[in-house]
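Side chains are part of it too, since the values below use all heavy atoms of this structure and drop only hydrogens, waters and symmetry mates.
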Amino acid sequence: MKALLSTRPGTPDTLVLGELPEPSVGPGEVRVAVRACGVNYPDLLIIQDLYQFKPPRPFAPGAEVAGVVDAVGEGVGNVRVGDRVLLGPVRNGMAEKAAGLARSCWKIPDAMPFDEAAALLMTYGTSHHALKDRARIRPGETLLVLGAAGGVGLAAVELGKAMGARVVAAASSEAKIALACRHGADAGVQYPAGSLDKAAARALTDRFKEACGANGAQVIYDGVGGDYTEAALRAIGWEGRHLVVGFTAGIPKLALNLPLLKGCQIIGVFWGEFTNRHPSQHAENVAALMALYLEGRIKPAITERFPLARGAEAIARLGSRDARGKLVVTIE
């Protein structure tokens, strides 16, 4: 089968279109004829051997797919051949077929296109787990979202609104803030791209404080890191919760007097490990996301689609931090 392959560690330009053996299915597994594969930041890391999991080469990036079940293993009862599904987390997603555990396979509504299904699980799953399970966000609280126009950030904006929060979207351009506002953000803060000196960081903190109001942000959703983390943390409210989601701008270093002075919590969000340790709770969360989608309260913002042969371009676009919303690789 055709697949977009990583044959050596490197940037997206090292990926090549090639072939992998068609995956077999064992007990408790399913195989899906892939129609679309979501592009996520870990795809950029895993091809450079910078992710916590390092698969043997050659492998295809891509951890969430949507398509049609074409084989099931022994003991599988939740889906059958011919079902329209999303599957994730999964390995070798940017390929014509992908196999994974049946417990990670979910039927999708007839009204959900394959590309939107492939853009749902990792971004909305991560943000839903972060806001619901880790922050326990409450209606009326102020949520500050860094990187609010990216995949997980935009999902956090929509989910924050669905959970009754007041949402402040922070991003690096007016166009990105406008996108977040179209998806429900109540206010926006533009921050400069690149590293921040002390004066720029203080100025950004002041803008965050102004946008969040006198009580600060009760929850900060931080998928960016770098110099932006401390600038945001200085705007957190008393006993606020700062969610550590990702590091597209680098891993920050924090002075621990800040959590002390704010009485706040810094909370790690590792959605993948959560799904392994708490499968029943994860299943409930996926069902909740499907309900929100059918109610029209969330909808993946797919801004670009790439054929499999151009999948490397999609990953490179994500790495450049120019991407808005969700990018999807389609397989015909």
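Under the 4.5 Å side-chain heavy-atom criterion for Ile, Leu, Val, Met, Phe, Trp and Tyr, Leu154 and Val269 are members of distinct hydrophobic clusters.
For the pairing with Val85, the side chain to side chain contact (heavy atoms under 4.5 Å, CB included) check across Val32, Ile108, Val30 returns one residue only, Val32. Of the candidates Arg241, Gln218, Arg136, Glu141 forms a side-chain hydrogen bond (donor to acceptor under 3.5 Å, both in side chains) with just one, namely Arg241.
Side-chain contact check for His242 and Asp222: at least one donor-acceptor pair (N or O, by modelled atom type) lies under 3.5 Å.
Comment: Glu158 does not engage Arg297 in a salt bridge, judged by the lack of any side-chain N to carboxylate O separation of less than 4.0 angstrom. A salt bridge is defined here as a Lys NZ or Arg NE, NH1 or NH2 lying under 4.0 Å from an Asp or Glu carboxylate O, and Asp49 with Arg57 meets this definition.
The local environment of CD in Glu295 is crowded, with over 12 non-hydrogen atoms from other residues, nucleotides or ligands closer than 6.0 Å. More than 12 heavy-atom neighbours from other residues, nucleotides or ligands sit within 6.0 angstrom of CD on Gln52. Around the NZ atom of Lys2, the shell of radius 6.0 Å holds no more than 12 heavy atoms that belong to other residues, nucleotides or ligands. Applying the 6.0 Å contact sphere to CZ of Arg324 captures no more than 12 heavy atoms from other residues, nucleotides or ligands. Counted within 6.0 Å of CD on Glu210, heavy atoms from surrounding residues, nucleotides or ligands total 12 or fewer; the atom is thus considered open. Shown here is Arg91, whose CZ atom has no more than 12 heavy atoms of other residues, nucleotides or ligands within 6.0 Å.
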Evaluate the criterion side-chain hydrogen bond (donor to acceptor under 3.5 Å, both in side chains) for residue pair Lys326 and Asn40; output intermediate values, then yes/no.
-> CA-CA 8 Å; Lys326 189 76 173 185; Asn40 296 283; 2.5 Å; yes
Would Arg317 and Glu313 satisfy salt bridge (Lys or Arg N to Asp or Glu O under 4.0 Å), going step by step from the backbone distance to the final call?
-> CA-CA 6 Å; Arg317 185 73 54 87; Glu313 294 179 42; 5.1 Å; no
Let me see the working for His282 and Phe274 under side-chain contact (heavy atoms from CB on, under 4.5 Å), right down to the final yes or no.
-> CA-CA 8 Å; His282 171 49; Phe274 160 77; 4.1 Å; yes
Which is it for Arg31 and Glu22 under the salt bridge (Lys or Arg N to Asp or Glu O under 4.0 Å) test, yes or no, and what are the steps along the way?
-> CA-CA 10 Å; Arg31 187 175 65 206; Glu22 189 174 277; 3.5 Å; yes
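Within the 4.5 Å cutoff, the side chain of Ile46 has heavy atoms near those of the Pro55 side chain. In this structure the side chain of Leu308 never reaches within 4.5 angstrom of the side chain of Thr330, judged on heavy atoms. Under the 4.5 Å side-chain criterion, counting only non-hydrogen atoms from C-beta, Arg35 is not in contact with Ile331. A 4.5 Å side-chain heavy-atom check between Pro61 and Met94 finds at least one atom pair inside the cut-off. Residues Asp133 and Trp271 form no side-chain contact, since every pair of their non-hydrogen atoms from C-beta on lies 4.5 Å or further apart.
A distance-only check finds a donor-acceptor pair linking the side chain of Asp43 to the backbone of Gly62 [under 3.5 Å].
Going from atom CD1 of Ile266 over to atom CG of Leu233 covers 5.5 Å, rounded to the nearest 0.5 Å. Interatomic distance, Ile267 CD1 to Tyr221 OH, rounded to the nearest 0.5 Å: 13.0 Å. For the atom pair Leu86 CG and Cys37 SG, the distance stands at 12.0 Å (nearest 0.5 Å). Remark: Leu120 CG to Ile298 CD1 distance equals 5.5 Å, nearest 0.5 Å. In this structure, CD1 in Ile220 is found 7.0 Å from SG in Cys212, a value given to the nearest 0.5 Å. Here CG of Leu243 is found 9.5 Å from NE2 of His129. Values are rounded to the nearest 0.5 Å.
Shown here for Ile177 and Ala169, the closest heavy-atom pair between the two residues is CG1-O, 4.4 Å. The two atoms that bring Leu292 and Ala162 nearest to each other are CD2-CB, 4.3 Å, heavy atoms only. Minimum heavy-atom separation, Ala232 to Leu146: CB-CD1, 4.0 Å. The two residues Lys161 and Val167 have their closest heavy-atom pair at CD-CG2, 3.7 Å.
Ring centers of Tyr124 and His128: at least 6.0 Å apart, outside the cut-off.
Ring geometry for Tyr228 versus Tyr191: interplanar angle of 30 to 60°, hence tilted.
In this structure, Arg234 forms no cation-pi arrangement with Phe208, as its terminal cationic atom is not both closer than 6.0 Å to the ring centre and no more than 45° off the ring axis.
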